[in-house]
Amino acid sequence: MKIAFLWYHFIQFGGVERVLTQKINLLAEMDGYEVYLITYNQGNHPFKFNLSSRIKHVDLNTRYFSRCSYHGIYQFWDRFISLRKFYKTITTYLENLQPDILVCVDHRESEVNAVLRSNIKGVKIVESHSGKLTRLKEIQSKPFLRRVYEKQVLHSTLKKMSKLDAIVCLTRHDADDWRKNIKTVVIPNILIKYPEKGVSYDNEHK
């Protein structure tokens, strides 16, 4: 079974990167799985976490999110051209790969769009590493025009996510929050270190 994970890069030490590495390393070492890690903004940067040698990694090098060298109308044109290249590069690779399961590691609108544009027969999943309410609170802290724009983007993304097979959430509370828009599944983050003995806590002290 081919399982492909789409994520923009592994350049930084982050919680998502750490959990994703643990998960794909575990799957790669199990019999019966071919695990693919697809990045598109990694470039020549080293990985911050060690990957299993059995993981097949490809960086599509679209550089979409790093292109901010122009200003005014030239920037809009450059972003337009870059976005078209982004979609074409990702969809072409996915259609050639034809994974049985494709996982968007985040619900960025551009990634969800790329997956929906791809003519693949496998199951399409998106992961949510935070709740929808958390995203809305982040938007509320922005200036007015930015807030209006990002709310529209979120609304558009939710409509597109509803066309995917499922969204994987960390908690049941998050799942209830997303369920209005899409089928949800709860898979908490894995725990890689276990205490050698139990600890009793005094409930009267924090």
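Any value given below was found using the heavy atoms of this structure, including those in side chains, with hydrogens, waters and symmetry copies removed.
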For Leu97 against Ala4, the heavy-atom pair lying closest together: CD2-CB, 4.1 Å
Distance, nearest 0.5 Å, that separates OG1 of Thr157 from CD of Glu109: 4.0 Å
Closest heavy-atom pair and its distance - Lys85, Asn61: NZ-O, 4.4 Å
Straight-line distance of Ile3 CD1 to Ile55 CD1, nearest 0.5 Å: 11.0 Å
Arg147 atom CZ: more than 12 heavy-atom contacts under 6.0 Å: yes
Cation-pi check, Arg18 onto Phe49 ring (under 6.0 Å, within 45° of axis): no
Val112 and Leu164: CA distance, side-chain angles, deciding distance, side chain to side chain contact (heavy atoms under 4.5 Å, CB included) verdict: CA-CA 9 Å; Val112 174; Leu164 301 176; 4.3 Å; yes
Enclosure of Asn50 CG (heavy-atom neighbours >12, cutoff 6.0 Å): no
ILVMFWY cluster, Phe13 and Ile190 together (side-chain gap under 4.5 Å): no
pair Met161-Ile167: side-chain heavy atoms closer than 4.5 Å: yes
Hydrophobic cluster membership, Ile187 vs Leu20, 4.5 Å side-chain cutoff: yes
Lys NZ or Arg CZ of Lys48 over Phe10 ring: under 6.0 Å, within 45°: no
Ala114 to Ile90 - nearest heavy-atom pair and separation: CB-CG2, 3.9 Å
Straight-line distance of His129 NE2 to Asp174 CG, nearest 0.5 Å: 11.5 Å
Single-linkage hydrophobic cluster Ile120~Met1, side-chain heavy atoms < 4.5 angstrom: yes
Flag if over 12 foreign heavy atoms under 6.0 Å of NZ, Lys137: no
Validation row, ring centre Trp178 to ring centre His107 under 6.0 Å: yes
Check: Glu34/Tyr36 side-chain N/O donor and acceptor closer than 3.5 Å: yes
Rounded distance [0.5 Å steps], CG in Leu116 versus NZ in Lys124: 7.5 Å
Val105/Val16 under side chain to side chain contact (heavy atoms under 4.5 Å, CB included): CA gap, chis, key distance, verdict: CA-CA 8 Å; Val105 182; Val16 175; 3.8 Å; yes
Least distance between heavy atoms, Ser128 atom then Leu170 atom: O-CG, 3.9 Å
Candidate pair Val35 and Lys56, rule side chain to side chain contact (heavy atoms under 4.5 Å, CB included), full reasoning: CA-CA 6 Å; Val35 179; Lys56 300 175 176 64; over 6 Å; no
Evaluation steps, side chain to side chain contact (heavy atoms under 4.5 Å, CB included), between Tyr33 and Leu26: CA-CA 10 Å; Tyr33 295 111; Leu26 180 64; over 6 Å; no
Lys2 backbone acceptor or donor facing Asp100 side chain under 3.5 Å: yes
Spatial distance of atom CH2 (Trp7) from atom CZ (Arg108) [nearest 0.5 Å]: 5.0 Å
Arg117 to Thr91 - nearest heavy-atom pair and separation: CB-CG2, 3.7 Å
N-O pairing of Glu150 and Lys142 below 4.0 Å: yes
Thr92 side-chain N/O to Thr89 backbone N/O, donor-acceptor pair under 3.5 Å: no
Joint hydrophobic cluster, Tyr149 plus Phe80, side-chain heavy atoms closer than 4.5 Å: no
Side-chain heavy-atom pair Leu60, Ile38 within 4.5 angstrom cut-off: yes
Pair Lys160, Ser156: side-chain N/O donor-acceptor within cut-off below 3.5 Å: yes
Closest non-hydrogen atom pair between Thr21 and Leu51, with its separation: CG2-CD2, 4.0 Å
4.5 Å side-chain heavy-atom contact, Ile139 and Leu154: yes
Side chain Ser52, main chain Arg54, donor-acceptor under 3.5 Å: yes
Spacing of Asn113 atom CG and Phe86 atom CZ [to the nearest 0.5 Å]: 9.0 Å
Same cluster (ILVMFWY, side-chain, under 4.5 Å), Val186 and Val168: no
Asp165 and its side chain to side chain contact (heavy atoms under 4.5 Å, CB included) partner, picked from Val123, Ile101, Leu102: Val123
Residue pair Asp59 / Tyr40, side-chain donor-acceptor N/O under 3.5 Å: no
Side-chain heavy-atom pair Gln42, Phe47 within 4.5 angstrom cut-off: yes
Side chain to side chain, Glu127 and Asp106, heavy atoms closer than 4.5 Å: no
